[in-house]
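Worksheet: one structure, shown below.
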Amino acid sequence: MHFSTLASTFLWSLTLAHSDCTAVDSAVIQHTGISKGTIETQNGVKLYISKPDATSIRGKANAEAAVIYLTDVFGIELLENRLLADSFARAGYLTIAPDLFNGSLAENDLNTPGFNISGFLAEHGPANTDPVIAKAIEHARTKLGIKKIGLTGYCFGGRYAFRFVAEGKGGDAAFTAHPSLLENGEVNAVKGPVAIAAAETDSMLNAARRAEVEGLLVKTGLPYQVSLYSGTNHGFGVRANVSVPVQKFGKEGAFLQAVQWFDQWL
């Protein structure tokens, strides 16, 4: 399976909306306001947890599935991350966002004088981040009875969505928007379906790199999807300027892409 354009994603959404009364549309997406999830600490990891309406059609249909939400460098303290996790819950998925940074926060403006982004990323590489995600998945499976795990990752979290659909890592399907620092070996190792929402302008996943990643996904023989959203920049999946119509459409399109991907593969 390969969808390479924004148009295909949009048309797919329209088709679902007409053929399936449980299909999700942009009405479930909250861009502003107050987050509704709760903070829990499990296995020494702080988790932002947002629960679906268990009595709804989609809540019942997805009762044994969960989404592990892997944030950008701004973490679970960023309102936009919490609201997006809440949106997945409104789409019927229990959503768990682990604190990938153990309470340390990136500056809201990465160009803030004195903030060392290279040092921050080095401190939070796979050796420190993988165990956090593994504990979130363990909690979902062993304590909450979840049988299917989808991983949705944004920017920093994107590469970890790939990492956790590798053999024995606990994930069943992955979606990522504008992944950064993604390595070829992490793409080659996937054992589950992967979807990517790519920005038109993104130095971390430019056109050449995007084509390279797509080529690696082809070789896995697994279902994959790569959609490119015009008028968007790196970060649009979470922090789009929704007052700009093309950016709002891109953010909402990427979210619907993720939900449809999980509906299909979880």
Side-chain angles (χ1 to χ4, degrees), residues 1-4 45 67-73 75 96-102 106 110 116-138 140-141 148-199 201-228 234-238 254 257-258 261-262 264-266:
M1 174 180 287
H2 174 207
F3 301 88
S4 60
V45 174
V67 169
I68 304 297
Y69 183 111
L70 306 176
T71 69
D72 52 23
V73 295
I96 302 172
D99 177 5
L100 301 179
F101 310 108
N102 195 30
L110 298 181
N116 183 351
I117 183 61
S118 297
F120 182 87
L121 294 174
E123 182 181 350
H124 299 288
N128 291 326
T129 304
D130 280 358
V132 173
I133 300 169
K135 288 179 180 180
I137 292 175
E138 179 187 11
R141 288 198 181 273
K148 290 286 187 178
I149 296 285
L151 296 122
T152 185
Y154 301 85
C155 185
F156 175 90
R159 73 180 294 201
Y160 292 93
F162 277 83
R163 291 177 67 85
F164 277 83
V165 286
E167 187 71 36
K169 288 290 191 175
D172 297 290
F175 166 84
T176 173
H178 40 80
S180 59
L181 307 176
L182 182 62
E183 298 182 359
N184 287 356
E186 293 166 336
V187 183
N188 294 333
V190 301
K191 298 297 181 184
V194 176
I196 299 174
T201 303
D202 188 348
S203 62
M204 297 184 182
L205 193 70
N206 59 27
R209 178 56 177 157
R210 189 169 64 245
E212 185 178 20
V213 170
E214 186 173 325
L216 294 174
L217 287 171
V218 171
K219 292 178 181 178
T220 68
L222 295 164
Y224 73 97
Q225 179 185 37
V226 180
S227 292
L228 177 65
H234 182 81
F236 80 95
V238 177
Q257 180 188 349
W261 195 249
F262 295 144
Q264 178 67 34
W265 300 113
L266 294 183

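- In this structure, Arg163 contributes its side chain and Pro126 its backbone to no donor-acceptor pair below 3.5 Å.
- In this structure, Arg210 and Val226 have side chains that are in contact, with non-hydrogen atoms separated by less than 4.5 Å.
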Verdict with supporting geometry, Ile196 and Leu217, side-chain contact (heavy atoms from CB on, under 4.5 Å): CA-CA 11 Å; Ile196 299 174; Leu217 287 171; 4.0 Å; yes

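- One distance of note links CG of Asp72 with CG of Leu100; it measures 9.5 Å at 0.5 Å rounding.
- Residues Gly119 and Asn116 approach most closely at N-OD1, 2.9 Å, considering heavy atoms.
- Using cut-offs of 30° and 60° on the angle between ring planes, the pair Phe101 and Phe156 is tilted.
- Summarising the geometry of Leu205 relative to Ala198, their closest heavy-atom pair is CD2-CB, 4.2 Å, with the distance given to 0.1 Å.
- Between Tyr160 atom OH and Lys169 atom NZ the span is 10.5 Å, to the nearest 0.5 Å.
- Within the 4.5 Å cutoff, the side chain of Val213 has no heavy atoms near those of the Tyr224 side chain.
- For the atom pair CD of Gln257 and OG1 of Thr152, the computed distance is 9.5 Å after rounding to the nearest 0.5 Å.
- The nearest pair of heavy atoms linking Val132 to Pro98 is CG1-CB, 3.9 Å.
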Ile137 vs Ile68, side-chain contact (heavy atoms from CB on, under 4.5 Å): CA-CA, chis, key distance, verdict: CA-CA 7 Å; Ile137 292 175; Ile68 304 297; 4.1 Å; yes

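- Within 6.0 Å of CG on Asp172 lie more than 12 heavy atoms contributed by other residues, nucleotides or ligands.
- The two residues Leu182 and Pro179 make their nearest non-hydrogen contact at CD2-CG, 4.4 Å.
- With rounding to the nearest 0.5 Å, the separation of CG in Asn206 from CE in Met204 is 11.5 Å.
- Legend: ring-ring contact (aromatic ring centres under 6.0 Å, His included) pairs involving residues 176-195, not counting sequence neighbours, sorted by first then second residue: His178-His234, His178-Phe236.
- The closest side-chain donor-acceptor pair between Tyr69 and Thr71, if any, does not fall under 3.5 angstrom.
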Checking Lys148 against Trp265 for the side-chain contact (heavy atoms from CB on, under 4.5 Å) test, could you report, in this order, the C-alpha distance in whole Å, the side-chain angles of both residues, the deciding distance, and whether it holds? CA-CA 9 Å; Lys148 290 286 187 178; Trp265 300 113; over 6 Å; no

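- A salt bridge links Glu212 with Arg209; the closest basic N to acidic carboxylate O contact falls under 4.0 Å.
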Given side-chain contact (heavy atoms from CB on, under 4.5 Å), test Phe164 with Ile149 step by step and report yes or no. CA-CA 10 Å; Phe164 277 83; Ile149 296 285; over 6 Å; no

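- From Trp261, atom CH2 reaches atom OG1 of Thr176 across 12.5 Å, with rounding to the nearest 0.5 Å.
- Residue Leu216 comes nearest to Asn188 through the heavy atom pair CD2-OD1, 3.5 Å, listed as atom of the first residue, atom of the second, then distance.
- In this structure, Leu151 and Gly171 approach most closely via the heavy-atom pair CD1-CA, 3.7 Å.
- With a 4.5 Å cut-off on side-chain heavy atoms, Leu70 and Thr129 do not count as touching.
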